[in-house]
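Beneath this line is the structure, given in structure tokens, with notes to follow.
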Amino acid sequence: VQLQASGGGLVQAGDSLRLSCAASERIFSTHTTAWFRQAPGKEREFVAAIRSGGSGGRTYYSDSVKGRFTISRDNAKNTLYLQMNSLRPEDTAVYYCAASQAILSSTTVANYYRTWGQGTLVTVSS
């Protein structure tokens, strides 16, 4: 499986942006997929995840984005999305999509994901 992230850019605080992550195969029925981000000088952190369709499709969010970001997927297009609203300067980071076929005890741990996209840069100016 290969993942291709896109949609990043430069926006102002309060703006919205939608990231996309195209998968090379149909994976959403079998894979947990997620978004992580990494700001300069910081560790990669969890943003949002959605369990596989076979596991119910439950969504998870970090406290810092809950209520502002929405993770979703389009099975027909094999694409994962991250809708980001009310963006803040502290949301500035490279955003990565990830996928795991394993049944994860936790969706928030980066090391649990085997497949990663290349990252897309989001810059939010104040």
Kindly determine whether Q2 and E25 satisfy side chain to side chain contact (heavy atoms under 4.5 Å, CB included), including the steps that lead there. CA-CA 8 Å; Q2 292 183 332; E25 304 172 17; over 6 Å; no

L121 side chain reached by Y95 side chain, heavy atoms, under 4.5 Å: no

State yes or no: are the ring centers of W116 and F36 separated by less than 6.0 Å? yes

Straight-line distance of H31 NE2 to S52 OG, nearest 0.5 Å: 9.5 Å

Side chain to side chain contact (heavy atoms under 4.5 Å, CB included) for W35 and L80? Distances and angles first, verdict last. CA-CA 9 Å; W35 290 95; L80 178 74; 3.4 Å; yes

Mind checking the CD-CD1 spacing from Q101 to I27? Nearest 0.5 Å is all I need. 9.0 Å

Kindly compute the distance separating CG (N85) from OG1 (T70), expressed to the nearest 0.5 Å. 6.5 Å

Look at the side-chain heavy atoms of Ile, Leu, Val, Met, Phe, Trp and Tyr, link any pair under 4.5 Å apart, and say whether Y96 and L82 land in one connected group. no

Any residue meeting salt bridge (charged side-chain N to carboxylate O under 4.0 Å, His left out) with R58, in chain and number order, not counting sequence neighbours: none

Going from CD on E45 to OG1 on T108, what distance comes out if it is rounded to the nearest 0.5 angstrom? 11.0 Å

Beyond-backbone contact of Q83 with S16, side-chain heavy atoms, under 4.5 angstrom: yes

Ring center gap for Y60 and F46 short of 6.0 angstrom: no

